[in-house]
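A short write-up of the structure that comes next.
Just so it is clear, the structure is predicted and the values come from calculations on it, not from any experiment.
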Amino acid sequence: MFFCIFVPDMEYTLNCNGHLLDLSTPQVMGILNVTPDSFYADSRVQSERAVIARAHQILEEGGTIIDVGGCSTRPDSEPASQQEEMERLRFALTVICREVPDAIISVDTFRSEVARMVVEEYGASIINDVSEGADERMFRMVARLHVPYVLMSVEPTMREMLLRFAREVDTLRSFGQKDIILDPGFGFGKTLEQNYAVAHRMEQLQMLELPVLAGFSRKSMIHRLLDIQPAQALNGTTVLNTVALQKGASILRVHDVREAVECVRIVGELRVEN
């Protein structure tokens, strides 16, 4: 028996406001939540000083994308209103654009009007859609805005996920959307066992010839399995990030940036032919 590392040569670049982000080396997306109720308490930043510190931390630790969230999607949470989400994002994005003006900013939202606001008013580079179903308004909006789009799946099996992704990618292409990133949606619409079954088959997403984002960071699929708290789930996150990279992930969305960057470097070194 031998251990096989599956990492296809993904020659793909994202056009982020004219800056081409090369995904031939996996990139790390650092999470910056301006919400009072995100499931991982240490990810919440509420003050201007905290936003500045977190933005700089993500970049200094090797992250290349800052993913800003203004509406929690934790299980059983009550979503903030659109107005409240916009206010939170305006506060954070004003600070981030002032402090790190060259940063690539992603915004996670499920609302098309929020997507329009953050791109047109603040130059956000990526829309990370965390909705639980295809929204044609969002599809049309991101195509009009000409920004890369993260398409998430809530499907519980890889077969259903592939079928739905194929349909939705076709719809996005028909609207003129160019850059599409696939997110298997770990923690969304799946049981504990289904999350791991999808992770086990992640390499099958390469059939769609699009970059894949993996978002395992400190999620319940880790702490429920190990009977620990989210604050203790860094080791489990790193294990799953390693598996995701071996199965072809191009972007890791994480709370712990330094550890994810180290993971990318180590897995990358394993591919080097000496």
Hey, is CD on Q83 packed in by over 12 heavy atoms from elsewhere, all under 6.0 Å? no
- Would a distance-only check, ignoring hydrogens and angles, find a side-chain to backbone donor-acceptor pair under 3.5 Å from E168 to L151? no
query = Is L234 reachable from V243 through a run of hydrophobic residues whose side-chain heavy atoms are each under 4.5 Å from the next?
reply = no
R88 and V34 have their tightest heavy-atom pair at CD-O, 3.2 Å
Practice problem: Would you kindly confirm whether V130 and L213 end up in one hydrophobic cluster when ILVMFWY residues are joined by side chain heavy atoms under 4.5 Å apart? | Solution: no
In terms of hydrophobic clustering (I, L, V, M, F, W, Y; side-chain heavy atoms under 4.5 Å; direct or indirect links), are I66 and V114 co-clustered?
yes
So do Q232 and L226 actually touch side chain to side chain, heavy atoms under 4.5 Å? no
Are there over 12 heavy-atom neighbours, none belonging to Q229, within less than 6.0 Å of that residue's CD? no
inquiry  = Are R116 and R144 packed together at the side-chain level, in the sense that at least one heavy-atom pair is separated by less than 4.5 angstrom?
reply    = yes
Here the gap from F91 atom CZ to I96 atom CD1, rounded to the nearest 0.5 Å, amounts to 9.0 Å
Rounded to the nearest 0.5 Å, the CE atom of M202 sits from the CE atom of M158 at a distance of 7.0 Å
Rounded to the nearest 0.5 angstrom, the CD1-CG distance for I251 and L21 is 7.0 Å
Should we say atom CG of D227 is surrounded by more than 12 heavy atoms from elsewhere, each under 6.0 Å from it?
-> no
* Would you check if the side chain of R111 reaches a backbone N or O of A115 as a donor-acceptor pair within less than 3.5 Å? => no
| task | For the residue pair I180 and L208, establish whether any side-chain heavy-atom pair is separated by less than 4.5 Å. | result | no
query = So, do Q177 and V142 sit near enough that their side-chain heavy atoms are less than 4.5 Å apart?
reply = yes
Check whether more than 12 heavy atoms from other residues, nucleotides or ligands sit under 6.0 Å from atom CZ of R49, and answer yes or no.
no
Tell me whether E269 is salt-bridged to R265, with the criterion being a basic N under 4.0 Å from an acidic carboxylate O.
no
Scan side-chain atoms only and decide if E259 and T238 contain a donor-acceptor pair under the 3.5 Å cut-off.
-> no
Taking every heavy atom of V264 against every heavy atom of L252, the minimum-distance pair comes out as CG2-CD1, 4.0 Å
request  = Flag yes if more than 12 heavy atoms outside R137 fall under 6.0 Å of its CZ atom; otherwise flag no.
outcome  = no
Check your understanding: Are T109 and V118 close enough that some pair of their side-chain heavy atoms sits under 4.5 Å apart?
Key -> no
Flag side-chain contact, heavy atom, 4.5 Å: Q206 against V212:
yes
| message | Between K247 and L205 (side chain of the first, backbone of the second, donor and acceptor by atom type, cut-off under 3.5 Å), is there such a pair? | response | no
So ring-ring contact (aromatic ring centres under 6.0 Å, His included) across residues 146-192, not counting sequence neighbours, yields F139-Y149, F186-F216
For residues V261 and L32: do they belong to one hydrophobic cluster (side chain heavy atoms under 4.5 Å, members Ile, Leu, Val, Met, Phe, Trp, Tyr)? yes
Query raised in the report: Is N128 reaching over with its side chain to a backbone N or O of D67, donor-acceptor style, under 3.5 angstrom?
Result: no
- Query: Above 12 or not: heavy atoms from other molecules or residues under 6.0 Å from CG of N15?
  - Reply: yes
I'd like to know if the side chain of Q27 and the backbone of T25 have a donor-acceptor N/O pair within less than 3.5 Å.
yes
Sidechain-backbone polar pair: T237 side chain, R218 backbone, donor-acceptor under 3.5 Å = yes
Tightest non-hydrogen contact, residues A55 and V100, listed as CB-CG2, 4.3 Å
Query raised in the report: Would you find a donor on one side and an acceptor on the other, under 3.5 Å apart, between the side chain of N195 and the backbone of T191?
Result: yes
- Query: Is the side chain of R253 donor-acceptor paired with the backbone N or O of V28 at a distance under 3.5 Å, no angle test?
  - Reply: no
Heavy atoms of L210 and V169 approach each other most closely as CD1-CG2, 3.8 Å
Here the gap from M86 atom CE to M117 atom CE, rounded to the nearest 0.5 Å, amounts to 5.0 Å
same_hphob_cluster(L145, I104) at 4.5 Å side-chain heavy-atom cutoff = yes
Step by step, would you call M161 with Q204 a side chain to side chain contact (heavy atoms under 4.5 Å, CB included)? CA-CA 10 Å; M161 187 178 296; Q204 295 178 20; over 6 Å; no
Sorted by chain and number, sequence neighbours left out, salt bridge (Lys or Arg N to Asp or Glu O under 4.0 Å) with R159 holds for none
Rounded to the nearest 0.5 angstrom, the OG1-CD1 distance for T242 and I266 is 7.5 Å
Side-chain touch E113/M141, heavy atoms, less than 4.5 angstrom: yes
In the structure I gave you, are the side-chain heavy atoms of M138 and S131 within less than 4.5 Å of one another anywhere?
no
| message | Under 3.5 Å, is there a donor on one side chain and an acceptor on the other for T35 and N33? | response | no
Self-check item: Derivation and outcome, side chain to side chain contact (heavy atoms under 4.5 Å, CB included), residues I31 and H255
Solution: CA-CA 5 Å; I31 298 168; H255 298 93; 3.7 Å; yes
Heavy atoms of V257 and G30 approach each other most closely as CG2-CA, 3.8 Å
> Hey, does the side chain of Y196 reach the backbone of M221 with a donor-acceptor pair shorter than 3.5 angstrom?
Replying inline: yes
All heavy atoms of S220 vs all of H223, minimum pair found to be CA-NE2, 3.2 Å
Per side chain to side chain contact (heavy atoms under 4.5 Å, CB included), C16 is matched among I126, V147, I65 by I126
State whether R140 and E136 are salt-bridged, where the test is any N-O pair (Lys NZ or Arg NE/NH1/NH2 against Asp/Glu carboxylate O) under 4.0 Å.
-> yes
Test side chain to side chain contact (heavy atoms under 4.5 Å, CB included), reference I181, set S106, P148, S250, output is P148
In this structure, SG of C71 is separated from CG of D108 (nearest 0.5 Å) by 8.5 Å
